[in-house]
Amino acid sequence: MSFAKTQDFGLEPVEVRESDHYQEEYVTTLADKWDELIDWKRRAKAEGDFFIRTLKEHGAKKILDVATGTGFHSVRLLSEGFDVTSIDGSPQMLSKAFENAKRHGFILNTCLADWRFLNRDVHGEFDAIICLGNSFTHLFKENDRRKALAEYYSMLAHDGILVIDQRNYDGMLDDGFTSKHKYYYCGKGVVAEPEHVDEGLARFVYRFEDGSKFHLNMYPLRKKYMKGLLSDVGFQRVTTYSDFKQSNLEKDPDFFVHVAEKE
Ligand code: SAM
């Protein structure tokens with residue numbers, strides 16, 4: 001487990017295409033900046049009650065947040081009365097989440113675990129698993145993606161759901177980057193933009209007002225491919241929302257949210 005303070009991409013940053021590398025990316029300095037990037041208040045406003053409503057519609061009470069990050073969704077769900085377990089593979093992000101939750105009056109039930117070995121470290125059955133904030137994009141190998149989804153699937157109750165989101169990489173790969181930053185990375189004065197995009201890598205730079213800068217290397221998931229994977233691991237129905245709307249009316253959405261039903 002890495003406790004590094006600063007990011008390390010080595011000499012050839014665009015050659016870094018590894019599922020384990022997130023631990024070198026979500027380091028202390030980025031964890032300290034993450035909330036400036038996502039801006040909790042603006043994000044809550046932009047998302048509205050989409051996730052709360054979706055979880056309630058499916059009768060979900062016991063939730064596993066597998067990409068807790070600094071705790072935005074875990075805290076939101078706790079304040080709505082859900083029973084939440086908060087997982088992340090980065091100790092720096094998880095400890096930030098714990099601090100944030102404490103400030104909101106909650107003691108987070110956390111567990112440091114990697115999605116690919118979830119069942120080894122986390123026990124129990126959940127009504128819903130959430131994997132949000134464009135997190136699944138950190139897995140670079142097809143096998144890792146299948147393994148992680150299979151782990152999620154097996155931890156869900158028979159009628160459970162997986163709520164998983166992703167950036168609209170199709171738009172980025174086919175037409176170039178157009179994000180309006182409307183939904184997820186809502187921080188004022190923070191610039192998030194791609195530095196390099198090809199079919200195997202989307203490398204983003206995040207620039208902050210104080211001059212600091214971070215990178216994330218991500219695998220650009222195509223929507224059709226992602227839906228196919230969800231079906232392959234056994235999810236019976238996958239409904240995809242474009243920027244929180246269930247329609248194709250949004251012409252060039254920033255994000256897709258997939259709601260995958262186990263039965
Ligand atoms: N969900 C949060 C949000 O929306 O603000 C955090 C999103 S952040 C983009 C992705 C998170 O996924 C990071 O905290 C990272 O440590 C975690 N992560 C990436 N790959 C992981 C893996 N294989 N296992 C567990 N956590 C992982």
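We count ligands from 1, going down the list as the structure has it; atoms in each ligand are counted the same way. One is the number of the first residue; the rest follow in order along the sequence.
- The side-chain tip of Arg103 does not point at the ring of Phe98 from less than 6.0 angstrom away and within 45° of straight on.
- Under a cutoff of 6.0 Å and an axis angle of 45°, Arg53 and Phe244 do not form a cation-pi pair.
- Applying the 4.0 Å criterion to heavy atoms of Ala113 picks out, from ligand 1, the atoms 24 (N), 25 (C).
- Counting only N and O atoms by type, the side chains of Ser19 and Asp144 include a donor and acceptor under 3.5 Å apart.
- Heavy-atom contacts of Gly89 reach the following atoms of ligand 1: 25 (C), 26 (N) (cutoff under 4.0 Å).
- Remark: Lys33 is positioned above the aromatic ring of Phe208, its terminal NZ or CZ atom under 6.0 angstrom from the ring centre and at most 45 degrees off the axis.
- Between Thr137 and Arg167, every side-chain heavy-atom pair lies at or beyond the 4.5 Å cut-off.
- If you look at Ile38 next to ligand 1, the close heavy atoms, those under 4.0 Å, all belong to the side chain.
- When Ala67, Pro91, Ala31 are ranked by how near their heavy atoms come to atom 1 (N) of ligand 1, first place goes to Ala67.
- An N or O contact shorter than 3.5 Å links Arg43 to ligand 1 by distance.
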* To do: Given side chain to side chain contact (heavy atoms under 4.5 Å, CB included), test Lys102 with Phe106 step by step and report yes or no.
  => CA-CA 5 Å; Lys102 213 166 155 201; Phe106 299 104; over 6 Å; no
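- In terms of polar-atom proximity, defined here as any N/O pair under 3.5 Å, Ser19 makes no such contact with ligand 1.
- For ligand 1, one of its N or O atoms has an N or O atom of Leu132 under 3.5 Å away.
- Distances from atom 8 (S) of ligand 1 to the heavy atoms of Phe117, Tyr26, Trp40 show the closest one on Tyr26.
- An N or O contact shorter than 3.5 Å links Asp114 to ligand 1 by distance.
- By the 3.5 Å distance cut-off applied to N or O atoms, Thr68 is not counted among the residues near ligand 1.
- Ligand 1 places these atoms under 4.0 Å from at least one heavy atom of Gly133: 4 (O), 7 (C), 9 (C).
- The local environment of CZ in Arg237 is sparse, with at most 12 non-hydrogen atoms from other residues, nucleotides or ligands closer than 6.0 Å.
- For ligand 1, the atoms closer than 4.0 angstrom to any heavy atom of Ser90 are 16 (O).
- Note: Tyr22 and His138 have tilted aromatic rings, judged against thresholds of 30 and 60 degrees for the angle between ring planes.
- Ring pair Tyr241/His258: centre-to-centre distance not below 6.0 Å.
- At a threshold of 4.5 Å between non-hydrogen side-chain atoms, the residues Ile63 and Leu55 count as touching.
- In Phe72, neither the side chain nor the backbone holds a heavy atom less than 4.0 Å from any atom of ligand 1.
- Taking any N or O of Leu139, backbone or side chain, none lies under 3.5 Å from an N or O belonging to ligand 1.
- Proximity of Ala148 to ligand 1, defined as any heavy-atom pair under 4.0 Å, is not found for any part of the residue.
- No N or O atom of Arg116 sits closer than 3.5 Å to an N or O atom of ligand 1.
- Tested against Phe255, the residues Leu132, Asn168, Asn134 include a single side-chain contact (heavy atoms from CB on, under 4.5 Å) partner, Asn134.
- The Met93 neighbourhood of ligand 1 comprises atoms 14 (O), with distances under 4.0 Å to a heavy atom of that residue.
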